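Note that ligands are numbered from 1 as they come in the structure, with each ligand's atoms numbered from 1 the same way. All values reported here derive from a predicted model rather than from experimental measurement. By convention here, the first residue in the shown sequence is residue 1.
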Amino acid sequence: MTHQQPTSPRRTPVTVLGLGPMGLALAEALLEHGHPATVWNRTPEKADSLAAKGVRRAGTVAEAVSASPVTVICLKDYATMYAVLDSAGDALKGRLLVNLNSGTPDEARTAATWANGRGCAYLDGAIMVPPPLVGHPESVFLYSGSRQVFDAHRAALASMGDPRYLGSDPSLAVLYNAALLDMMYATMNGFLHAAALVGSAGVPAATFAGLALDWFMPSVVNSTLTEQAPALDKGDYPGDAGTMEMNLNALEHITRTCAEQGIHSDQPRLMKAIAEQAIAQGQGGKNYLAVFEVFKKAAQA
Ligand SMILES: NC(=O)c1ccc[n+]([C@@H]2O[C@H](COP(=O)([O-])OP(=O)(O)OC[C@H]3O[C@@H](n4cnc5c(N)ncnc54)[C@H](OP(=O)(O)O)[C@@H]3O)[C@@H](O)[C@H]2O)c1
């Protein structure tokens, strides 16, 4: 697949399709980094502030895509992307599409095949920061697809944030995105539930946060997750310092404490049920990280 190469890597003209909060932030960042920018949005008035700063507003999707070798797509979802790009027809040929909307791995793979079938290069991506952090050099953006295409356009991608290349399978960016958000929601829920538990005794969340985070980073993140991650890949969970049975006992105490204190207990009960599944699968004498073996398989009906 050949596509137009940027003439100047630092100032590649870039088109942005979609001006929701995120698309607006992307177009602003590209403009601030000196890229001639063209935008299109279903609701054209959302481009007013950008047009006042010198961004070109295209009247049609075909006109927008034709204006730049690179088109960044930041629409609601993949279905919207197809609905919008279908009208571009032959204008897509030879361009690079960088799709940054959220979705699933299957949707990303299908989109890559769709784009290649229309003569476009395609990178799938995921944005790991909210709109106000777009354009900062430490803001992580995930990409997957052709390494050659990624390298050729790395400078333009770096104008939006810190571009991290994950591999040639186009689905990897959205897969990592789902995994990282999975971790984020589980961690936030863990803290929020714990704050509610001590809050039942009148402890302010701000008071609890200091002690909780001082304990969590060295004890859980550093000495458990960082040090023991290689053991997950080996399936090695020695129970000498504490077994799954012991952890089930701790989860039982947490569940009963929630009941005594009169707070919500679905979350600890789910964690207890997962530990019970691990024990049912023969992991009772292993350490708690053997729960990884439960998570690797879909639940049995
Ligand atoms: N906002 C965040 O914090 C954040 C963070 C990471 C990733 N993302 C992802 O970035 C993508 C964009 O998010 P967003 O926050 O900017 O807002 P959004 O509400 O997800 O998407 C808004 C954009 O989609 C367009 N759109 C929706 N339906 C359409 C249709 N039927 N035809 C044409 N255009 C349509 C909107 O056009 P109109 O303006 O005309 O309605 C607007 O340009 C999403 O996939 C989101 O998951 C967002």
Residue selection (non-hydrogen contact nearest [atom]) among [options]:
atom: atom 36 (C) of ligand 1; options: Asn41, Leu24, Leu17; value: Asn41
atom: atom 47 (O) of ligand 1; options: Ala47, Ser102, Gly20; value: Ser102
atom: atom 30 (C) of ligand 1; options: Lys46, Glu45, Arg42, Met81; value: Arg42

Does a donor on one side chain sit under 3.5 Å from an acceptor on the other, for Ser159 and His35? yes
If we ignore angles and hydrogens, is there a donor and acceptor under 3.5 Å between the side chains of Asp77 and Thr80? yes
Protein contact of [atom] - nearest heavy atom, named by residue and atom, plus distance:
atom: atom 3 (O) of ligand 1; result: Pro131 CD, 3.3 Å
atom: atom 44 (C) of ligand 1; result: Leu75 O, 3.5 Å
atom: atom 6 (C) of ligand 1; result: Ile127 O, 3.4 Å
atom: atom 5 (C) of ligand 1; result: Met22 CE, 3.3 Å
atom: atom 38 (P) of ligand 1; result: Thr43 OG1, 3.5 Å
atom: atom 18 (P) of ligand 1; result: Lys76 CA, 4.4 Å
atom: atom 35 (C) of ligand 1; result: Thr80 CG2, 3.4 Å

Is the number of heavy atoms from other residues, nucleotides or ligands within 6.0 Å of NE2 (His136) greater than 12? yes
Test applied, side-chain contact (heavy atoms from CB on, under 4.5 Å); reference residue, Ile73; option that passes from Leu85, Val98, Leu100: Leu85
Hey, is Glu260 close enough to Arg256 for a salt bridge, meaning N to O under 4.0 Å? no
Side-chain ion pair, Glu63 and Arg56, N-O less than 4.0 Å: yes
Summary of salt bridge (charged side-chain N to carboxylate O under 4.0 Å, His left out) pairs that have at least one residue in residues 116-134, sequence neighbours excluded: none
Enumerate the atoms of ligand 1 whose separation from the nearest heavy atom of [X] is less than 4.0 angstrom.
X: Asn101; result: 45 (O)
X: Gly18; result: 43 (O)
X: Val84; result: 33 (C)

Would you call Asp77 a ligand 1 contact, heavy-atom distance under 4.0 Å? no
Is there a heavy atom of Cys74 sitting under 4.0 angstrom from any atom of ligand 1? yes
Is any N or O atom of Pro21, backbone or side chain, closer than 3.5 Å to an N or O atom of ligand 1? yes
One pair to check against side chain to side chain contact (heavy atoms under 4.5 Å, CB included): Tyr78 and Thr110. What are the steps and the verdict? CA-CA 10 Å; Tyr78 285 83; Thr110 302; over 6 Å; no
Would you say Asn287's side chain and Pro238's backbone share a donor-acceptor pair under 3.5 angstrom? yes
List for me each residue that meets salt bridge (Lys or Arg N to Asp or Glu O under 4.0 Å) alongside Asp48, sequence neighbours excluded, and say none if there are none. Arg57
